[in-house]
Number of protein chains: 2
Amino acid sequence: MLQTADKPTSKREGLRRETLALILATAERIFAEHGFKGATMQAIADEAKLPKANLHYYFPTKQALYRQVVERIFNIWLDAAESFDTEASPEDALGTYIRKKMEISRSHPYGSKVWANEVIHGAPIIHDYLETTLTEWTESRIEVIERWMAEGLIDAVDPRHLLYMIWSTTQHYADFSHQITTLNGGVPFDDAQWAQATECVTNIILKGIGVRRGVPS
Amino acid sequence: MLQTADKPTSKREGLRRETLALILATAERIFAEHGFKGATMQAIADEAKLPKANLHYYFPTKQALYRQVVERIFNIWLDAAESFDTEASPEDALGTYIRKKMEISRSHPYGSKVWANEVIHGAPIIHDYLETTLTEWTESRIEVIERWMAEGLIDAVDPRHLLYMIWSTTQHYADFSHQITTLNGGVPFDDAQWAQATECVTNIILKGIGVRRGVPS
DNA sequence: AATTCTTTTGACCAACTGGTCAGGTTGACG
DNA sequence: CGTCAACCTGACCAGTTGGTCAAAAGAATT
């Protein structure tokens, strides 16, 4: 583990990092559970076992805290987006991407919910991301998908709708987890169920767009 | 149009009905745009051009108003659920159901958003619906889908995941309309785009589960 | 040990919001 | 026309909440 030589992580800096992480993680959960307006600084402070004034020391306003939470989530989304390999075969590129998104739904359910909330309410905070990064990424992948279509590797489908289907289906398992748990007898998915869900979603989508599968490279 | 004979809709009754409808429609929009906590009675009153106290005359509390909004939405959902004909072929039953759900996403975007919001936040109000009506309906349709599988009309897939996919994909067009509009150049879908989206979603899902299509009955 | 900078915290405040209420208005009905 | 019940509404109130602040506590540096 290298460390920037002139910054040997003082006790202060370490604590600061820890506190920041604690606040952000707690805020993410509370925002996910109650929405932006429904979440109170007091509730976040209580859950993090910090005095409310301490939160305002690190984040001047509720909006600033919220914004950081959303930015963290966007980076996770970007990470998954990277796994959509434009060089790979449709099966590999889409399969990997879908699996990655399912993993995120499992590992970051709160983040996903915050993101969903934000978009449902008209994306007042993240509108710029949608117009810049998301639009660019989407267009680059549309090109790839259209190339696959031209090469006869998949059926002719509107790439946008394919992407929407992947987004909605995978995120559904995080955003609507309460509904899914209820229909699962009140018990959250276990490992096997997550694996099965991932496989099932991947299979239906890939088959649905006529991907030739299992073709050795 | 028949009318209950002994109730010739007095001026008062008519106005009452109109006011109730106005409040509910306005509330649905405001709740969709700001969430339960973010929506204020004052905002709903202003949008409906009524004094706030008048809202409280018709609905004693904010919760009561919200509950009615959610119940209305649930009835629309039930209406679509009915269109899942257990007697029809997989292609007809699922195709009709998907199309109906897409229509609802277009005609009731606010309702869909309120519902999504509610489920994301743990369904504090509608939990009973999920456990009773939704569970029963889901199980009845799972049986039908399993019958189709046994008869070789569709591939072997977990019926639950198929239903989740239909729900998430169709509702995505309502709940995430802001994202979709942004990726559509800032312009909402027109008639042709809605038709194309519906066709595309239907095709991918039906093909994805190996439905034999266009088979004459 | 003294000094300086960062961090922590309880007490406080102004703005907002759900809900109330008393009094006024309007339609129904004899 | 008079009476009554349903309906409407401005003014008000109590509880909540985001944010402030001054003072205390703690770390870093000399």
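Throughout, a chain's letter reflects where its sequence line sits, starting with A, and its residues are numbered from 1.
- Neither OP1 nor OP2 of dA6(D) sits under 4.0 Å from any side-chain N or O of Arg16(B).
- Nucleic acid contact class of Tyr58(B) (heavy atoms, under 4.0 Å, all strands): sugar-phosphate only.
- A side-chain hydrogen bond (donor to acceptor under 3.5 Å, both in side chains) check over residues 59-68 of chain B, counting only residues at least two apart or in different chains, returns the pairs Tyr66(B)-Glu118(B).
- The footprint of chain B on DNA chain C, defined by a heavy-atom cutoff below 4.0 Å, extends from dT17(C) to dA28(C).
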Each nucleotide of nucleotides 11-24 of chain D classed B (base within 4.0 Å of a protein heavy atom), S (only sugar-phosphate) or -, in 5' to 3' order, makes ------SBBBB---
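- OP1 and OP2 of dC8(D) both lie 4.0 Å or more from every side-chain N or O belonging to Tyr57(B).
- Going from atom NZ of Lys49(B) over to atom P of dT9(D) covers 14 Å, rounded to whole Å.
- Glu13(B) has its CD atom 13 Å from the P atom of dA6(D), to the nearest Å.
- Residues passing the side chain to side chain contact (heavy atoms under 4.5 Å, CB included) test with Thr202(A) are Ile98(A), Arg99(A), Thr198(A), Leu206(A), sequence neighbours excluded.
- What separates CG of Asn54(A) from C1' of dG26(D) is a distance of 13 Å, to the nearest Å.
- Asp92(A) pairs by the salt bridge (Lys or Arg N to Asp or Glu O under 4.0 Å) definition with nothing, not counting sequence neighbours.
- In this structure, Ser107(B) has no side chain to side chain contact (heavy atoms under 4.5 Å, CB included) partners at least two apart in sequence or on a different chain.
- Put simply, the residue from Tyr97(B), Tyr129(B), Phe84(B), Trp137(B) that forms a ring pair (Phe, Tyr, Trp, His ring centres under 6.0 Å) with Trp77(B) is Trp137(B).
- Residues meeting the salt bridge (Lys or Arg N to Asp or Glu O under 4.0 Å) test with Arg29(B), sequence neighbours left out: Glu33(B), Glu47(B).
- Checked against salt bridge (Lys or Arg N to Asp or Glu O under 4.0 Å), Asp191(A) has the following partners two or more places apart in sequence or in another chain: Arg106(A).
- When the side-chain hydrogen bond (donor to acceptor under 3.5 Å, both in side chains) test is applied to Asn75(A), no partner is found at least two apart in sequence or on another chain.
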